[in-house]
Amino acid sequence: MKDLGWVHVEAFLEMMSAERGAAANTLSSYERDLDDLHGFLNGKGVRLLEAASADLSAYLSSLAAQGFKPSSQARRLAAMRQFYKFLYAEGLRTDDPTGILDAPKKGRALPKTMGVDEVGRLLEQAESEAQDPAPGQLQRLRMLALLELLYATGMRVSELVSLPARVLDQDGRFLMIRGKGNKERLVPLSQSAIVAMKLYGRMLATENAAATKASQESPWLFPAASREGYLPRQVFARDLKNLAIRAGLTPSMISPHVMRHAFASHLLANGADLRVVQELLGHSDISTTQIYTHVLEERLQQLVQTHHPLAKQAKKQE
């Protein structure tokens with residue numbers, strides 16, 4: 001009996017195009033993936049329309065054996081799920097064989113980060129430029145304040161650029177940040193961050209006072225002529241890369257998000273507790289913070305090598 005499975009694939013692709021408005025690239029991807037599945041099942045003597053969960057699982061296993069990345073396997077599984085849900089909805093099957101299939105586990109990539117020396121060079125460059133009294137000093141002081149605050153707190157770039165101007169009125173070493181889900185958290189400020197913020201705030205107030213009375217004072221710490229009224233994060237990211245070039249660093253390795261990772265990694269490397277870092281970063285789940293466990297592992301290995309009596313004894317024997 002002839003396998004009419006591909007006829008149903010064509011009907012599925014037509015549905016995705018007409019009813020769901022799938023893009024041409026998406027349709028091509030689904031077609032290639034389902035064609036590959038069709039060929040695999042034919043080789044096993046199984047019709048596409050009648051494939052069981054075990055058959056589809058065997059297909060995914062074959063992809064893994066061929067060296068396909070988990071992300072590629074997950075894409076094939078997504079195409080299969082859409083197709084077999086379509087068959088079920090159309091009454092062509094009484095079940096969905098993809099329902100019990102697990103997505104391949106993706107290895108979580110370690111975040112890019114910066115060394116302490118690299119952060120130091122970046123801050124030194126920003127501080128040196130901020131001291132220049134030439135026109136444009138406010139923007140240079142702004143960059144220094146942005147960097148000092150980012151490295152002192154590890155806040156998200158969206159939280160940083162949207163800080164309210166009233167934080168300048170706070171007289172203390174802590175900053176209240178409003179993060180995801182409108183949740184607030186208290187983070188400590190370094191002395192250098194406090195100084196940079198005050199220097200920037202004074203010059204901002206001076207320029208605001210010199211402006212025409214018609215101009216309304218902005219409620220934002222880092223005001224800009226943008227739709228939101230504050231510095232766009234893309235502009236900050238661009239300026240940060242330019243600063244990195246002037247500091248002799250590789251710009252592709254540096255971004256506001258990388259500096260957030262540097263904040264967390266450097267804290268953990270110097271003895272901070274993972275739960276404390278979770279609170280400072282504003283992670284609702286400790287599992288998100290656990291991407292930094294490689295830093296903890298390195299630190300623990302150093303501690304064992306330095307303090308464990310057997311390790312000390314082995315060193316003496318060398």
Side-chain angles (χ1 to χ4, degrees), residues 107-132 134 136-163 175 177 179-180 187-197 199-200 220-224 226 228 230-270 272 274 277-278 280-283 288-299:
R108 198 159 190 180
L110 295 179
K112 288 182 184 178
T113 189
M114 300 168 65
V116 175
D117 290 343
E118 291 173 313
V119 174
R121 285 170 62 183
L122 202 61
L123 289 171
E124 284 173 12
Q125 183 68 30
E127 186 175 7
S128 174
E129 293 182 4
Q131 291 171 355
D132 184 356
Q137 188 178 20
L138 179 63
Q139 282 69 37
R140 295 190 290 275
L141 282 168
R142 180 182 72 183
M143 174 56 80
L144 178 60
L146 284 162
L147 284 183
E148 288 284 5
L149 284 169
L150 183 55
Y151 188 54
T153 66
M155 69 178 97
R156 299 176 181 90
V157 64
S158 57
E159 298 167 345
L160 174 63
V161 296
S162 62
L163 282 171
L175 190 66
I177 299 173
K180 285 186 176 180
V187 296
L189 291 175
S190 64
Q191 191 59 45
S192 57
I194 293 171
V195 171
M197 194 165 62
L199 286 172
Y200 164 73
W220 307 109
L221 179 59
F222 302 110
S226 65
E228 296 85 358
Y230 51 77
L231 180 70
R233 58 183 183 176
Q234 296 88 345
V235 173
F236 173 41
R238 180 200 65 199
D239 292 347
L240 178 57
K241 288 187 181 295
N242 289 334
L243 178 69
I245 293 170
R246 296 194 296 274
L249 300 171
T250 305
S252 61
M253 296 298 291
I254 295 169
S255 71
H257 201 58
V258 169
M259 286 202 68
R260 173 170 157 89
H261 288 313
F263 161 83
S265 297
H266 298 171
L267 277 180
L268 288 168
N270 285 280
L274 192 65
V277 174
Q278 176 195 355
L280 293 174
L281 291 175
H283 288 162
T288 309
T289 320
Q290 283 172 341
I291 56 173
Y292 300 105
T293 50
H294 67 288
V295 179
L296 288 175
E297 288 167 4
E298 290 171 9
R299 196 182 86 209

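Nearest heavy-atom pair across Glu118 and Met114 is OE1-CA, 3.4 Å. Contact record, Arg140 with Asp132: NH2-O, 2.9 Å, taken as the closest heavy-atom pair. Taking each heavy atom of Leu123 and Leu144 in turn, the nearest pair found is O-CD1, 4.2 Å. Of all heavy-atom pairs spanning Ser255 and Leu240, the tightest one is C-CD2, 3.5 Å. Across all their heavy atoms, Lys241 and Ile254 have their closest contact at NZ-O, 2.8 Å. Leu221 and Leu149 make their closest contact through CD2-CD1, 4.4 Å (heavy atoms, listed as atom of the first residue, atom of the second, distance).
Not a single donor-acceptor pair under 3.5 Å links the side chain of Arg246 to the backbone N or O of Leu122. With Arg260 contributing its side chain and Leu281 its backbone, the two residues share a donor-acceptor pair below 3.5 Å.
You'll find the side chain of Leu141 reaches within 4.5 Å of the side chain of Gln137, heavy atoms only. The closest side-chain heavy-atom distance from Phe236 to Met143 is below 4.5 Å. When side chains are defined from C-beta on, Thr153 does not count as touching Leu160, because their heavy atoms never get closer than 4.5 Å. Two residues are said to be in side-chain contact when any heavy atoms from C-beta on lie closer than 4.5 Å; Val258 and Met253 fail this criterion. Two residues are said to be in side-chain contact when any heavy atoms from C-beta on lie closer than 4.5 Å; Pro188 and Leu280 meet this criterion. Proximity of Val157 to Met259: side-chain heavy atoms (C-beta onward) are nowhere separated by under 4.5 Å.
For Tyr151, the side chain to side chain donor-acceptor pair (under 3.5 Å) test picks out His266, with sequence neighbours left out. Residues passing the side chain to side chain contact (heavy atoms under 4.5 Å, CB included) test with Ser190, sequence neighbours excluded: Glu148, Ala152, Ser192, Ala193.
The CZ atom of Arg233 sits 10.5 Å away from the NE2 atom of His257 when rounded to the nearest 0.5 Å.
Between Tyr200 and Phe222, the distance from one ring center to the other falls under 6.0 angstrom.
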